[in-house]
Amino acid sequence: DTRVRRLRLESFLLSPVQRVMRYPLLLEALLKYTPEDHPDHEDVALALSIAGSVATEVDRKSEELVNRQRLAELQSTFDWAHLLGGVQLKLDTFTKLVGQRKFVRKGPLRKASSGKHLYAILFNDFMMITVSDRRGGVWCYEPYRLPIQTYDLLARDPTKDQFELVNLKNSEVLQLRADTPAEASDWVKDIMKTANHCYDVMCEALTAGIQVSKVKSVISQEAREKILQGGKPAVLSKRY
């Protein structure tokens, strides 16, 4: 049928959503050329405000849907009970600290010293690092480290394709290597953005006298900065 122009069904399903996102641009242009003393100026301004709010809500809901799809995919791909020592973990749920759990990034990494293949998954509340191994054409994943809460994470600036991941809870420093310098930089940016947000929320909770997951204190911001500059986590034990 020539009317479909060889487009797939997905293209037609997206059309209404794309149209909603275009309305603010159309109304913004219309308002620009509508004199303030014109009788329609107020109505156009109101329509622009409503269209902007609707577009923002559609965008938010779309992000939520994509996140839920990614969480469902990760839930089925990995044997979380095996990775967490028998603990059943539901990924698509609300966390105790940062609201709805959100997927941030995932991908292969390697230990800088031995070249051991690792696979890391970063969420807004924790990071999971596994050992990856291909067996019979299928990738298998074994636990490498217990989940690291993001408020206990730091990532030092990369050197080429390598970066250091600091676990503040046990003072461990992991030297990791990404496939490219760009990927190493992206890992550091995403880890620090996630860690800083989670740390700020935890500090606000502690300041308000709210205890989250039995956490009574976190390391001070001053100590975090020193560790990022190369200081030893075990020495800088001052707490918030």
Side-chain angles (χ1 to χ4, degrees), residues 10 13 17 56-109 116-136 138-155 165-170 172 174 176 178 183 186-206 208-219:
E10 291 85 347
L13 294 176
V17 178
T56 299
E57 182 65 12
V58 169
D59 192 50
R60 185 181 70 83
K61 288 294 185 180
S62 297
E63 289 181 359
E64 287 183 2
L65 179 60
V66 170
N67 181 62
R68 287 182 178 276
Q69 290 173 337
R70 287 173 173 171
L71 292 178
E73 178 187 350
L74 291 169
Q75 187 81 62
S76 61
T77 301
F78 295 87
D79 184 350
W80 291 95
H82 174 64
L83 293 175
L84 301 176
V87 177
Q88 294 290 342
L89 175 67
K90 181 182 178 182
L91 292 180
D92 189 0
T93 188
F94 274 80
T95 69
K96 295 180 179 179
L97 188 63
V98 288
Q100 171 68 42
R101 177 171 289 123
K102 295 179 181 179
F103 165 79
V104 180
R105 78 176 292 121
K106 62 182 175 69
L109 294 170
K116 177 182 289 187
H117 288 275
L118 306 175
Y119 198 90
I121 311 170
L122 177 65
F123 300 97
N124 60 339
D125 62 322
F126 76 93
M127 184 175 185
M128 186 76 201
I129 304 177
T130 68
V131 178
S132 59
D133 184 25
R134 197 171 182 84
R135 304 171 190 168
V138 178
W139 281 103
C140 300
Y141 304 92
E142 298 291 335
Y144 180 66
R145 290 291 186 273
L146 291 174
I148 308 171
Q149 301 299 315
T150 48
Y151 55 78
D152 276 330
L153 268 179
L154 289 176
L165 183 71
V166 183
N167 182 350
L168 298 174
K169 185 174 183 179
N170 61 11
E172 182 182 29
L174 294 174
L176 303 174
E183 287 190 16
D186 288 343
W187 269 108
V188 170
K189 289 177 182 177
D190 285 341
I191 290 171
M192 288 306 302
K193 181 179 179 180
T194 305
N196 286 336
H197 174 69
C198 198
Y199 174 82
D200 289 343
V201 174
M202 177 61 81
C203 288
E204 291 175 3
L206 294 175
I210 302 172
Q211 187 172 330
V212 182
S213 300
K214 299 181 180 180
V215 177
K216 297 181 179 180
S217 63
V218 290
I219 197 166

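Predicted model, so just to flag it, every value in this text is computed and none were measured. Position 1 is the first residue of the sequence, and the numbers go up from there. Below, all heavy atoms of this structure are taken into account, side chains as well, without hydrogens, waters or symmetry copies.
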### Query
For the side chain of Tyr119 and the backbone of Lys106, is there at least one donor-acceptor N/O pair under 3.5 Å apart?
no
#### Entry: Full working for side chain to side chain contact (heavy atoms under 4.5 Å, CB included) between Glu142 and His82
CA-CA 8 Å; Glu142 298 291 335; His82 174 64; 2.6 Å; yes
### Message
Please report the interatomic distance CG(Leu83) to CZ(Phe78), rounded to the nearest 0.5 Å.
### Response
7.5 Å
#### Entry: Rounded distance [0.5 Å steps], OG in Ser132 versus NE2 in His117
6.5 Å
### Query
CZ of Arg105: more than 12 outside heavy atoms within 6.0 angstrom?
yes
### Query
Is any side-chain heavy atom of Leu71 closer than 4.5 Å to a side-chain heavy atom of Gln75?
no
### From OG1 (Thr77) to CH2 (Trp139), nearest 0.5 Å
14.5 Å
### Message
Rounded at 0.5 Å granularity, tell me how far SG in Cys198 sits from NZ in Lys193.
### Response
14.0 Å
## Note on the structure
Distance col, row Ile219:CD1 vs Cys203:SG, nearest 0.5 angstrom, shows 11.0 Å
### Task
Have a look at Asn167 and tell me which of Leu146, Asp152, Ile129 forms a side chain to side chain contact (heavy atoms under 4.5 Å, CB included) with it.
Asp152
#### Entry: pair Leu97-Asp125: side-chain heavy atoms closer than 4.5 Å
no
### Query
Under 3.5 Å, is there a donor-acceptor pair between the side chain of Thr93 and the main chain of Lys90?
no
### Query
What pair of heavy atoms forms the shortest contact from Pro147 to Phe126, and how long is it?
CB-CD1, 3.7 Å
#### Entry: Donor-acceptor contact below 3.5 Å, side chain Asn196 vs main chain Met192
yes
### Query
What's the verdict on side chain to side chain contact (heavy atoms under 4.5 Å, CB included) for Glu63 and Asn67, showing C-alpha distance, side-chain angles and the deciding distance?
CA-CA 6 Å; Glu63 289 181 359; Asn67 181 62; over 6 Å; no
### Query
Does the side chain of Leu153 come within less than 4.5 Å of Leu165's, by heavy atoms?
yes
### Query
Hey, what do you get for NZ (Lys96) to CE (Met202), rounding to the nearest 0.5 Å?
10.5 Å
### Query
Which word best sums up how the rings of Phe123 and Phe103 line up, parallel for under 30°, tilted for 30 to 60°, or perpendicular for over 60°?
perpendicular
### Query
Should Thr95 and Val98 count as side-chain neighbours, where that means a heavy-atom distance under 4.5 Å?
yes
### Query
Between the side chains of Asn124 and Gln100, does any donor sit under 3.5 Å from an acceptor?
no
### Message
Within the 4.5 Å heavy-atom criterion, are Lys116 and Leu118 side-chain neighbours or not?
### Response
yes
### Query
So, does Arg101 use its side chain to make a donor-acceptor pair with the main chain of Leu91 at under 3.5 Å?
yes
### Query
Any salt bridge between Arg60 and Glu57, counting N to O under 4.0 Å?
yes
### Task
Answer yes or no: is there a side-chain heavy-atom contact under 4.5 Å between Tyr141 and Val131?
no
### N-O pairing of Glu172 and Arg145 below 4.0 Å
yes
### Task
Determine whether Leu174 and Tyr144 make a side-chain contact, defined as any pair of heavy atoms from C-beta on separated by less than 4.5 Å.
yes
### Message
In the structure I gave you, are the side-chain heavy atoms of Tyr199 and Val218 within less than 4.5 Å of one another anywhere?
### Response
yes
